[in-house]
Number of protein chains: 2
Amino acid sequence: MVNAEAETTMYPKTPRNTVQRYRPRVHTPSPEDPFPAILPMLGFMGLYDPQNLTEENINEGANLYLHGYVSSRLMRMGKKASEEGEGSEGEEGLPMTVAASCLDGLVLALTPNNHSYNYRSAILQGYGQVVEDVDEKLWAMEKITNTVLTDRWENTRVPPTKTEMTTTQILRITPHTASAKIRRGPPHDDRHDLKDEELRNRVWTGVVPVHTVYGTPIRGEDCEIREVPQHITNFIDAKNKENKQFAINRAGDEDES
Amino acid sequence: MVNAEAETTMYPKTPRNTVQRYRPRVHTPSPEDPFPAILPMLGFMGLYDPQNLTEENINEGANLYLHGYVSSRLMRMGKKASEEGEGSEGEEGLPMTVAASCLDGLVLALTPNNHSYNYRSAILQGYGQVVEDVDEKLWAMEKITNTVLTDRWENTRVPPTKTEMTTTQILRITPHTASAKIRRGPPHDDRHDLKDEELRNRVWTGVVPVHTVYGTPIRGEDCEIREVPQHITNFIDAKNKENKQFAINRAGDEDES
């Protein structure tokens with residue numbers, strides 16, 4: 001699952017675009033040209049299977065679904081790439097790299113050099129296409145809403161209006177490659193520092209676990225309901241407990257990378 | 001200040017590289033080629049001024065300093081670009097986009113369409129060069145360590161050994177452009193939904209503040225010190241209080257974007 005801190009980079013891939021975009025730089029390098037674009041987005045991993053919508057399908061066949069606005073540059077580029085569709089099967093669309101990372105702890109060692117973070121970082125590269133199928137789009141919208149907060153979709157005004165369906169766009173990314181980088185466990189110091197008793201009696205080493213906390217809900221001005229509903233309190237209680245324990249576990253386990 | 005979740009993308013910029021890297025795709029598109037590379041990194045913003053090292057200089061003249069390993073692809077590319085140095089003043093080096101984002105709250109509205117996150121997201125584009133000056137490098141290493149945990153540098157074994165200075169590399173990014181995207185405040189619903197009394201009596205709206213918590217330190221196996229030192233407990237207490245209040249403030253304020 002990709003959280004709010006996922007970052008997306010992309011640029012057009014067709015040979016025509018490549019020439020238009022890069023060849024001029026050979027002769028007249030432009031300061032605007034060389035930088036990749038990055039956007040923070042929301043998303044989730046899932047396999048859309050109209051025959052089997054109840055089951056969670058986060059497996060090898062899963063795609064990444066991202067949520068954005070129709071006017072955004074990314075969606076326009078994705079739409080354009082989908083329409084051009086010059087790639088081979090499964091490789092049509094806009095080439096994108098999506099990254100998501102999560103901090104699990106501060107790793108404090110005897111030397112600055114051996115300081116580190118416990119973290120999880122995932123990178124996915126794939127081809128993005130705008131979801132045109134209405135059923136798949138609705139399915140993805142529900143999943144994305146419930147990624148923000150479990151069971152939220154069914155506790156709001158649904159289905160979306162025609163206007164909402166038009167202005168909201170979903171990008172489906174078919175994975176090309178994916179990788180993860182994880183650091184867990186206690187600090188690892190160099191042997192010569194560990195032999196230094198004066199140093200070990202002076203410098204504290206270990207892990208400060210880090211996790212995300214969902215705080216007390218703050219009612220909106222327009223809200224008529226005084227009591228926070230159970231689907232919200234349940235989510236907050238469960239996530240806070242789970243996140244805290246996860247960060248502690250990460251501090252104690254051995255490095256697996 | 002850039003936190004652990006900063007993501008960096010880059011590719012080489014010189015005309016020579018551009019041709020080598022992209023022109024072949026016109027004829028023989030390779031599936032490996034089109035994706036930008038992304039790396040999670042650590043860093044901070046600062047202005048290195050040997051005459052005035054005590055003062056914090058996070059202003060228009062500040063650069064971004066990133067920490068990485070000498071063997072990483074990024075550092076090798078940065079080093080190469082520094083050596084080639086074909087750009088104009090201040091625009092030499094490897095073109096990079098750096099993104100950092102931070103989640104401040106879940107924004108829960110009457111409809112899925114108006115759900116959102118409170119967040120802060122910053123994007124910086126600039127030219128990266130490996131820091132060769134030893135004093136500047138030491139200064140940046142100290143700043144980066146103290147970005148992880150305040151006053152940590154002076155509470156460890158310093159200065160770094162010759163080997164540590166060689167294996168650690170710092171990349172200095174001279175900003176070309178920078179931008180920020182921020183969302184704060186309560187949910188905003190559409191007028192026709194706000195007029196629907198049945199809906200307003202059924203759906204809770206408001207903000208769930210979200211913040212990062214530093215937990216109880218877990219002592220490493222090799223640690224001889226039983227009591228957690230004050231520079232660590234002070235940091236944890238201050239940050240937890242500050243983060244919590246910040247997320248609450250973000251929920252209550254009006255959107256400024």
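Residue numbering restarts at 1 for every chain, and letters A, B, ... go by the order of the sequence lines. All of these numbers come straight from a predicted model, not from anything done at the bench.
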Heavy-atom proximity to chain B below 4.5 Å, by part of [X]:
X        : answer
A/Arg152 : side chain
A/Asp222 : both
A/Thr111 : both
A/Asn114 : neither
A/Val107 : neither
A/Val158 : side chain
A/Pro160 : neither
A/Leu108 : both

Next on the checklist: Below 4.5 Å, heavy-atom pairs only: which of B/Pro209, B/Gly215, B/Gly206, B/Ala109 has the largest tally toward chain A?
Outcome noted: B/Pro209
Portion of [X] that has a non-hydrogen atom of chain A nearer than 4.5 angstrom:
X        : answer
B/Glu142 : neither
B/Asp189 : neither
B/Asn201 : both
B/Thr205 : both

Checklist outcome for this item: Output for pair (A/Glu154 CD, A/His231 NE2), nearest 0.5 Å, gives 8.0 Å
Got a donor-acceptor contact below 3.5 angstrom from the [X] side chain to the [Y] backbone?
X        : Y        : answer
B/Lys137 : B/Met165 : yes
B/Asp193 : B/Leu110 : no
A/Arg120 : A/Ile182 : no
A/Thr156 : A/Trp153 : yes

Checklist entry - Hey, are B/Arg184 and B/Asp104 close enough for a salt bridge, meaning a charged N less than 4.0 Å from a carboxylate O? => result no
Checklist entry - Under a 4.0 Å N-O cut-off, is there an ion pair linking A/Arg157 with B/Asp196? => result no
Item to check | Given B/Leu103, B/Val207, B/Leu106, the one that forms side-chain contact (heavy atoms from CB on, under 4.5 Å) with B/Asn118 | outcome: B/Val207
Next on the checklist: If you count every heavy atom of other residues, nucleotides or ligands that lies below 6.0 Å from A/Gln230 atom CD, does the total exceed 12?
Outcome noted: no
